[in-house]
2 protein chains.
Amino acid sequence: MIVKNSIKRLLQYQMCLVRLRELGFEKVYSYVLGREAGVTAEQVRKDFSEFEIRGKRKGGYSVDETLDKLHEIFRKNVMQEVILVGMGNIGTALSRYECGFTEKRKYIVAAFDIDPSKLKRNADIPVLPVEEMEDYIREKGITVAIIAVPAISAQDVCNRLIGCGIRGIMNFAPIILKTPPHIVIDNINLCNVLEGVIYCSWYGKDSCGCE
Amino acid sequence: MIVKNSIKRLLQYQMCLVRLRELGFEKVYSYVLGREAGVTAEQVRKDFSEFEIRGKRKGGYSVDETLDKLHEIFRKNVMQEVILVGMGNIGTALSRYECGFTEKRKYIVAAFDIDPSKLKRNADIPVLPVEEMEDYIREKGITVAIIAVPAISAQDVCNRLIGCGIRGIMNFAPIILKTPPHIVIDNINLCNVLEGVIYCSWYGKDSCGCE
DNA sequence: ATGATAATGTTAAAATTTTCACATTAAATG
DNA sequence: CATTTAATGTGAAAATTTTAACATTATCAT
């Protein structure tokens with residue numbers, strides 16, 4: 001299962017709205033938000049319509065009300081606990097990453113690694129041996145995981161995660177994981193993203209479609 | 001300008017083919033490659049058709065020939081030099097990241113940071129002060145950059161990059177950069193990706209569209 | 001050889017996504 | 001208070017993307 005584009009845009013809008021609020025905006029028009037989020041005004045209105053976010057016919061959208069609605073949609077009030085598997089370069093960076101714009105909440109509650117030298121049971125985000133992974137997930141009722149292990153072991157890790165109740169996976173291993181259809185997965189292949197940018201920057205507009 | 005989906009899939013195919021070759025495959029059928037890459041066989045054939053990658057009516061696609069074609073499309077023989085701006089968590093991880101599956105080439109040739117304590121002029125990937133960024137880019141003729149600075153300074157960095165000839169940007173700052181239409185940009189908002197996965201893992205299939 | 005088979009390649013259809021157009025309505029203005 | 005204005009909200013159109021169907025052709029078996 002793949003995350004829908006409209007969901008991704010909604011998250012963009014959320015991010016933009018937080019920033020606009022910081023800048024003192026109390027209301028925002030679809031074309032302003034569109035400009036900020038890099039989409040058309042029509043797209044903003046259509047997306048908002050789909051999720052029943054309403055504005056005022058002349059006055060645009062209330063920043064606060066819209067953010068409230070978005071926070072509700074994305075359950076910002078509920079604690080979102082996520083585990084991280086693999087404390088290599090990417091894993092370590094993620095464990096330290098604080099997103100600049102969205103409201104802060106606790107994301108990663110524990111990390112797991114196979115390498116004994118990386119374990120840190122008492123750190124802020126404890127790094128535990130992978131043997132304890134399944135028990136931890138079951139005990140805490142975790143449902144979302146980040147895979148940041150080498151490609152060779154990613155499918156195995158994935159299977160184990162699904163086996164103990166994980167339903168959503170953000171995967172950084174450069175491999176397409178095979179999962180049952182109800183599992184949500186987002187593959188982020190950093191090399192491929194870069195290659196795509198390089199390709200399009202060479203071949204130009206026509207080869208890459210839209211604007 | 002956004003990177004087209006078919007380009008992204010082509011890169012997936014490339015990755016899968018490298019792996020299949022390592023496993024000893026000499027030819028591959030569209031449905032096998034589709035399975036590996038997480039798409040349908042028709043999609044594979046359609047994409048290959050678009051880029052004039054041909055197979056044999058019964059024998060499938062030659063792994064080597066297809067990879068040659070893909071390498072040509074993505075100019076794997078040409079050195080692809082990229083610079084990195086911002087040596088925080090993400091930047092540092094990227095500077096150390098070796099993609100597991102695609103052929104190795106030199107990607108990041110230099111990094112830039114504003115913090116004097118992070119500079120390392122003689123490292124494998126030198127970390128230089130941002131003041132030297134423009135000169136470096138112009139001198140070496142770099143055209144692609146990775147932005148991994150805080151959101152607050154990302155637009156400024158972006159403007160400077162474009163000003164000295166950068167045409168493609170992979171952006172990790174949680175903000176939509178405003179760029180002229182011919183600039184290629186791929187925004188990777190890690191928090192939003194995770195939020196999207198969390199959302200869909202809660203609300204399930206129907207809310208996230210396709211399979 | 002020759003026919004059956006099993007894959008590709010391509011054209012058409014379906015589905016999805018985005019854009020457009022405009023009716024609607026709240027606010028501002030005189 | 002009526003009129004104008006400037007935004008939203010939505011249904012239809014357009015564009016894009018994906019899927020299906022099937023004609024084509026290389027291979028394999030007899």
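For the numbers below, each heavy atom of this structure counts, side chains included, while hydrogens, waters and symmetry mates do not. Below, chain A is the first sequence line, B the second, and so on; all start at residue 1. These figures come from a predicted structure and were not determined experimentally.
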> Roughly how many Å is it from CD1 in B/Ile7 to P in D/dT17, rounded to a whole number?
Replying inline: 11 Å
> How many Å lie between CG on A/Leu33 and P on D/dA7, as a whole number?
Replying inline: 14 Å
> Rounded to the nearest Å, what distance is computed from the OH atom of residue B/Tyr29 to the P atom of nucleotide C/dT5?
Replying inline: 16 Å
> What nucleic acid atoms does A/Gly55 come within less than 4.0 Å of, heavy atoms only: base, sugar-phosphate, or nothing?
Replying inline: sugar-phosphate
>> Output the rounded distance in Å from NZ (B/Lys69) to C1' (C/dT8).
In response: 15 Å
> D/dG9 phosphate, OP1 or OP2: any side-chain N/O from A/Tyr61 under 4.0 angstrom?
Replying inline: yes
> Looking at the rings of B/Tyr61 and B/Tyr29, which for Trp means the six-membered one, are their centres under 6.0 Å apart?
Replying inline: no
> Given atom CD1 of B/Ile53 and atom C1' of C/dT8, what is their separation to the nearest angstrom?
Replying inline: 14 Å
>> Tell me the interatomic distance from A/Phe48, atom CZ, to D/dA7, atom C1', rounded to whole angstroms.
In response: 14 Å
> For A/Asp115, which residues count as a side chain to side chain contact (heavy atoms under 4.5 Å, CB included) partner, sequence neighbours excluded?
Replying inline: A/Asp113, A/Ser117, A/Lys118
> Is any side-chain heavy atom of A/Tyr13 closer than 4.5 Å to a side-chain heavy atom of A/Ile53?
Replying inline: no
> What is the distance from atom CZ of B/Arg54 to atom NZ of B/Lys69, rounded to the nearest 0.5 Å?
Replying inline: 7.5 Å
> OP1 or OP2 of D/dT24 less than 4.0 angstrom from a side-chain nitrogen or oxygen of B/Arg54, does that happen here?
Replying inline: no
> What does nucleotides 18-25 of chain C look like as a protein-contact string, B for base, S for sugar-phosphate only, - for none, at under 4.0 angstrom between heavy atoms?
Replying inline: SBBB-BBB
>> If I take atom NZ in residue A/Lys8 and atom C1' in nucleotide C/dT16, what distance separates them, rounded to the nearest angstrom?
In response: 16 Å
> A/Ile146 versus A/Leu94: any side-chain heavy-atom pair under 4.5 Å?
Replying inline: yes
>> Rounding to an integer number of Å, can you tell me how far B/Ile2 CD1 sits from D/dA15 C1'?
In response: 17 Å
> Does the pair B/Leu161 and B/Ile137 meet the rule for a side chain to side chain contact (heavy atoms under 4.5 Å, CB included), with working shown?
Replying inline: CA-CA 8 Å; B/Leu161 290 171; B/Ile137 291 169; 3.5 Å; yes
> Is a side-chain donor-acceptor pair under 3.5 Å present for A/Tyr31 with A/Glu42?
Replying inline: no
>> Between A/Ser49 and D/dG9, is there a contact of a side-chain N or O with OP1 or OP2 at under 4.0 Å?
In response: no
